[in-house]
Number of protein chains: 2
Amino acid sequence: MRPREFDHDDVLRVAFEQFWRRGVRGTSLSDIAREAGVQRGSLYNAFGSKEALFLAAYERYAGDYLSSVQKVLGSGPLRKRLTAFFDLTIKNFRSGSPPRGCPTTRGLMELASDDGEGLDEDARRAFADLVSRITGLVQDALSEGAQRGEFNGAPEVAALHIVTVTRGLAVLERAFGDEPQLRKIAAHTVDLVLNEKRR
Amino acid sequence: MRPREFDHDDVLRVAFEQFWRRGVRGTSLSDIAREAGVQRGSLYNAFGSKEALFLAAYERYAGDYLSSVQKVLGSGPLRKRLTAFFDLTIKNFRSGSPPRGCPTTRGLMELASDDGEGLDEDARRAFADLVSRITGLVQDALSEGAQRGEFNGAPEVAALHIVTVTRGLAVLERAFGDEPQLRKIAAHTVDLVLNEKRR
DNA sequence: AAGGTATTTGACACGATGTCAAAAACATGA
DNA sequence: TCATGTTTTTGACATCGTGTCAAATACCTT
C-alpha cells in the first residue's frame with residue numbers, strides 16, 4: 001500500500017469551510033484541492049465525488065453542532081434554555097466574515113429533485129436527520145419545562161414551531177443580514193411559546 | 001431592425017418554470033433555450049446573462065404572487081385571513097410534481113457572498129423586497145385585526161414572526177416533504193398569534 | 001429596391017466534473 | 001537487501017456549462 005499524503009480530517013475541515021461559505025454548487029473541487037494542498041484527483045480517489053466529500057464533511061459538522069445544541073438545551077430554566085438555543089442558532093449562521101449563513105438550510109435548498117446536478121437523497125436524509133434530532137432536543141426541553149410548570153402546551157407541535165422559526169431565521173438572515181431583527185424575532189417567539197406577552 | 005423570433009414573455013415563463021424546478025445554478029441556458037425553442041445566444045443577446053434572465057422572470061413571479069397574497073390577506077376575519085395566507089404559502093411550494101418548493105427561499109440560499117458564481121446583490125434585493133412587502137401586508141392585516149379586537153399584541157413583531165414561520169415552512173418542506181406537518185405548524189402558529197391555545 | 005440595424009448563429013475560450021491509465025511510493029515477504 | 005504488489009498520485013481526456021464575438025441574416029425604413 002502507498003500511504004496517503006494528506007490528512008483526511010484536514011481535508012474535511014477545509015472542504016466544509018468552503019462548502020459553508022460558497023455552497024456545494026458554488027465550490028469546485030479545484031478550490032478545495034488548492035486550499036488543502038492536494039491534487040484534485042486525489043480527492044476523487046479518496047472520496048469518490050464532490051457530493052460524497054460534502055456528506056463526509058457535513059456529518060462532522062452535524063455531530064459537533066448537535067452536541068452544542070444538546071449542551072444549551074440540557075439544563076436551566078426553560079426560558080434560559082430556549083433563549084440560549086436561539087442565541088446559538090443565530091450565532092452559528094452569523095459566524096464568519098462575511099457571515100456564512102446556515103449550512104443545513106443552504107444544503108436543503110440545493111437539493112435536486114431529479115438527480116444529476118445538485119445534492120441527492122442521501123444529503124436530504126442527513127439534513128433531515130439533524131433537523132429531527134434538534135427538534136427532539138427542543139421537545140425534551142419543553143416536556144421537562146411542562147413538568148416544572150414552566151410551559152403549558154403540547155411539546156411536540158411547539159418544538160416543531162420553534163425549529164421552524166429557526167429555519168426561517170436562517171432565511172431572513174440571507175435576505176436582510178439584520179442581526180438585531182433576528183434577535184427580536186427570536187425573543188418574541190420565546191415569549192409567545194412561554195405565553196408571556198412582552199409589554 | 002430585425003424583429004425577435006421569440007416571444008419575450010413565453011421565454012420568461014419557460015425560464016422561470018425551470019429555475020423554479022431546478023434552481024438557478026441547476027438550470028443551464030441550454031435547457032431553457034431548448035425548451036423555449038430558441039438559440040442560446042439569442043438569450044444572451046436579449047437578457048445579457050443567466051442572472052439577468054432569472055431576475056426578469058422572478059419579477060414577474062413576485063408581482064403575481066404578491067397580488068394573490070394581497071387578495072387573501074385583504075378581507076375577512078383575521079383568523080380566516082391568516083389561515084388563508086398560510087394555505088396559499090404552502091400550496092405555492094407544494095405545487096408541481098415533484099413539488100417545486102419556494103423559489104424565493106431557494107434563491108436566497110443561492111446567493112453568493114463574493115460575486116462570481118451565484119446570484120448577486122440585485123437578486124438579494126428582489127428577494128428581500130418580496131419578503132418585505134409580504135411582511136407589510138401581514139402587518140396591515142394584524143393592525144386591522146387589532147382595531148377590531150381580533151388581535152392583541154404588536155403587529156410589527158408579530159408580522160415578522162409569521163413571515164419567519166412561512167420561510168421556515170419552506171425549509172421543512174424540502175427536508176421532509178410532509179404536507180400535513182406543514183399545515184399542523186401553520187395552524188399552531190395562527191393559534192399562538194391569536195392567543196388561543198388549541199385543546 | 002437599397003441600406004441600416006438588431007437579431008441570429010456558430011466558433012471560441014475558459015473552467016468545472018468525473019474517468020482512466022500510467023507513474024510513483026510505500027509495505028511486505030523472500 | 002531486493003522484488004513484488006497494492007494503493008495513491010498525477011496528468012490527459014471527454015463532456016458540459018457560461019459568456020464573448022464576429023459574421024451572416026432578415027426585417028423595417030426610406
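Chain naming here is simple, since letters A, B, ... match the order of the sequence lines and numbering starts at 1 in each.
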Checklist entry - When the nearest nucleotide of DNA chain D is assigned to B:Val24 and to B:Pro3 on a heavy-atom basis, which residue is associated with the more 5' position? => result B:Val24
Next on the checklist: Could you tell me how far apart A:His8 (NE2) and D:dT9 (P) are, to the nearest whole angstrom?
Outcome noted: 11 Å
Checklist entry - Rounded to the nearest Å, what distance is computed from the CG atom of residue B:Asn45 to the P atom of nucleotide D:dA22? => result 14 Å
Item to check | Between B:Arg22 and B:Thr27, a side-chain donor and acceptor under 3.5 Å | outcome: no
Checklist entry - So what does B:Phe47 hit on the nucleic acid, given a heavy-atom distance under 4.0 Å: a base, only sugar-phosphate, or nothing? => result nothing
Checklist entry - Of A:Gly41 and A:Arg34, whose closest DNA chain C nucleotide lies nearer the 5' terminus? => result A:Arg34
Checklist entry - Counting just side-chain N and O atoms, does A:Gln39 come under 4.0 Å of either OP1 or OP2 of D:dT8? => result no
Next on the checklist: The test is side chain to side chain contact (heavy atoms under 4.5 Å, CB included); show your working for A:Arg174 and B:Arg124 and say whether it passes.
Outcome noted: CA-CA 8 Å; A:Arg174 293 286 94 178; B:Arg124 205 220 88 235; over 6 Å; no
Next on the checklist: On the nucleotide D:dT9, are OP1 or OP2 found under 4.0 Å from the side-chain N or O atoms that A:Ser42 carries?
Outcome noted: yes
Next on the checklist: From CG of B:Leu43 over to P of C:dT9, roughly how many Å is that when rounded to an integer?
Outcome noted: 11 Å
Item to check | Contact nearer the 5' end of DNA chain D, comparing B:Ser49 with B:Glu5 | outcome: B:Ser49
Item to check | Integer-rounded Å distance: C:dT17 C1' and A:Leu29 CG | outcome: 7 Å
Checklist entry - Quick one: on DNA chain C, does A:Ser28 or A:Met1 contact a more 5' nucleotide (nearest heavy atom)? => result A:Ser28
Item to check | Spacing between A:Phe19 atom CZ and C:dT17 atom C1', to the nearest angstrom | outcome: 12 Å
Item to check | Any A:Arg2 side-chain N or O less than 4.0 Å from OP1/OP2 of C:dA24 | outcome: no
Next on the checklist: In this structure, is the centre-to-centre distance between the rings of A:Phe86 and A:His188 below 6.0 Å?
Outcome noted: no
Checklist entry - Could a donor-acceptor pair under 3.5 angstrom be found where the side chain of A:Arg40 meets the base of C:dG18? => result yes
Item to check | Test applied, ring-ring contact (aromatic ring centres under 6.0 Å, His included); reference residue, A:Tyr58; option that passes from A:Phe19, A:Tyr65, A:Phe127 | outcome: A:Phe127
Checklist entry - B:Phe6 CZ to C:dA6 P: how many Å, rounded? => result 15 Å
Checklist entry - What integer distance in Å separates A:Tyr44:OH from C:dC20:C1'? => result 14 Å
Checklist entry - CZ of B:Arg25 versus P of C:dG15: gap in Å, rounded? => result 17 Å
Item to check | Distance-only donor-acceptor check, side chains B:Ser95 and B:Arg100, under 3.5 Å | outcome: yes
